[in-house]
Amino acid sequence: MFSKKQRLLSHGIAGLQHVFVSNVWLDPIYVAAAAGLSLNMSVNLVNTIFIVSGIVTLTQVTKLVRLPIIQGPSAAFDALMIGAGKSGQLAAASGSILISALLVFLLSITGLMSKILKFLTPTIIGTLIFLVGVSLSSFTLSEFLGGYPGDKGFAAPQTLLLAIVTTGIVLGLSLFARGHLKRFAFLIALVIGDGLAIFLGQVNFSLLATKPWFGLPHLLPYGQLRFNWVVFSAFFVAYLVAVVEAVGVYEAAGDAMGETIAPKRVQNGLLGEAVGSMFSSLFGGFPTTAYAQNVGVLNLSQNTSRMPVLFAGTAFIIFGFVPKIGALLALTPSPVIGGIFLPAATTLLMTGLKMLNQADNTQTNQIISGLSIVLAIALPAYASGWHGVLGQLLSNTILIGAIAAISLHIGLNLIPKYLRKVQQTNDPAKK
């Protein structure tokens, strides 16, 4: 029998494992670097994500969905946040997140969300997840190569060395290692990549000295919240994708624990995520969702206790109130970030394809997904000369894909199905 101290130590170590496996610390670093945010903005983003993830994780595990799940920023928003940062629309992004989260809160509390989730078929969701991976791959490759042709350091030997070594470590450990080496592949790659960058003189620690040991995230760091129809539409679609992802994680966590998750617990979980996302938007963060990779830890370790997740949530909050930790993470060079996320973007693409394979293998569904992907990838190349709302719409890969997939699903699946039903009802031979 283990003593109480031994059990607490075991839960604490398991909690740190959840911290390292999650993307709570990695996602905001990647977004900040790819969006070109200043160190102050980057630190604020990282600290906000830490605090919000910690609060939502603790609330979910103790009061709402009551599952040992980690909450953190969803990769579905990475490309949108990066695009907003590059185009100077972060204030509109925060406003869109706030309204999207509020709508999801209202839809969840009224029970309408369950009907919307039934409408989003595996064909639609798989297409959207695939396109999120496509969007991320473009930004990721620019980080990997150190920018674009003509930028200082683009594809320079040191840049490529950092990126290739980091990616090689992630791939090598993920594919061929076992145990902790495999489980912590991304963390190990980050540490070694940063160590190599320090050795090559690519990290400036002087900026770290200006950051205090204790601090609070800034309210409305991008200025007063704004509203933009195009930006909002893209974020709301991405939010629905994150909701579907979260529901799947709830079910997977329940399966790992041998429990059937009642609809009320799912509703509570979505409400908790929505409130956390609204809070996050006010401090410059982005929405949270439940992490599937941490459910993998539950299955691998066979430790389905909620105690490790309580430790992890507490650690997130502590990290969020220490700006030096956020600043240290934000100093990670772009090639290291690109090297880490290149395999991650690939995984997202394959997840989308896997979900598409789960859809009914009909010619109609193939047309829906195929045409949506073609339009989403091809149209933005022609949008550079367009301005205003139309230009913003045609330049957004995810939004084009969502509009195309939903419209095609309605036109090719739902309307014909409805017409056949009406025809059968009015057919005298059927009466």
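Taken to the nearest 0.5 Å, the CZ atom of Phe316 stands 6.0 Å off from the OG1 atom of Thr57.
Within the 4.5 Å cutoff, the side chain of Pro333 has heavy atoms near those of the Asp194 side chain. Contact of the Thr121 side chain with the Asn413 side chain is not registered, since no non-hydrogen atoms from C-beta on lie closer than 4.5 Å. Counting heavy atoms from C-beta on, the side chains of Val309 and Ile69 never come closer than 4.5 Å. In this structure, the side chains of Pro73 and Pro287 stay at 4.5 Å or more apart for every pair of heavy atoms. Using a 4.5 Å heavy-atom cutoff, the side chains of Arg66 and Val61 are not in contact. Annotation: side chain of Arg226 is not in contact with side chain of Val231 (no heavy-atom distance under 4.5 Å). Residues Leu349 and Leu353 are not in side-chain contact: their nearest non-hydrogen atoms beyond the backbone lie 4.5 Å or more apart.
Counting only distance, with no hydrogens or angles, the side chain of Ser407 and the backbone of Ala404 share no donor-acceptor pair below 3.5 Å. With hydrogens and angles ignored, the 3.5 Å screen pairs no side-chain donor or acceptor of Thr166 with any backbone N or O of Gly339. For the pair Ser137 (side chain) and Val134 (backbone), a donor-acceptor distance under 3.5 Å is present. The closest donor-acceptor contact from the side chain of Thr364 to the backbone of Leu412 lies at 3.5 Å or more, if one exists at all.
Of all the heavy atoms in Phe232 and Ile99, the pair that sits closest is CE1-CG2, 3.6 Å. Heavy atoms only, all atoms of each residue included: Val24 and Ile49 are closest at O-CG2, 3.5 Å.
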Are Phe236 and Leu240 close enough, and set up right, to give a side-chain contact (heavy atoms from CB on, under 4.5 Å), and what steps lead you there? CA-CA 6 Å; Phe236 185 66; Leu240 292 179; 3.9 Å; yes
side-chain contact (heavy atoms from CB on, under 4.5 Å) between Val31 and Phe286, intermediate numbers included: CA-CA 10 Å; Val31 170; Phe286 45 105; 4.0 Å; yes
Stepwise side-chain contact (heavy atoms from CB on, under 4.5 Å) check, Thr48 with Ser280: CA-CA 7 Å; Thr48 296; Ser280 180; 4.2 Å; yes
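A distance of 6.0 Å or more separates the ring centres of Tyr239 and Phe235.
The residue from Thr288, Val65, Ile55 that alone fulfils the side chain to side chain contact (heavy atoms under 4.5 Å, CB included) condition with Gln71 is Thr288.
Heavy-atom neighbours of Phe119 CZ from other residues, nucleotides or ligands within 6.0 Å: above the threshold of 12. Atom CZ of Arg265 has more than 12 heavy atoms from other residues, nucleotides or ligands within 6.0 Å. Within 6.0 Å of the NZ atom in Lys86, the count of heavy atoms belonging to other residues, nucleotides or ligands exceeds 12.
Listed by chain and number, the residues in a side chain to side chain donor-acceptor pair (under 3.5 Å) with Ser334 are Glu143 (sequence neighbours excluded). Checked against ring-ring contact (aromatic ring centres under 6.0 Å, His included), Tyr250 has no partners two or more places apart in sequence or in another chain. Partners of Leu90 by side-chain contact (heavy atoms from CB on, under 4.5 Å), not counting sequence neighbours, listed by chain and number: Leu37, Met81, Ala84, Tyr222.
In this structure, a donor-acceptor pair under 3.5 Å is absent between the side chains of Gln60 and Asn268.
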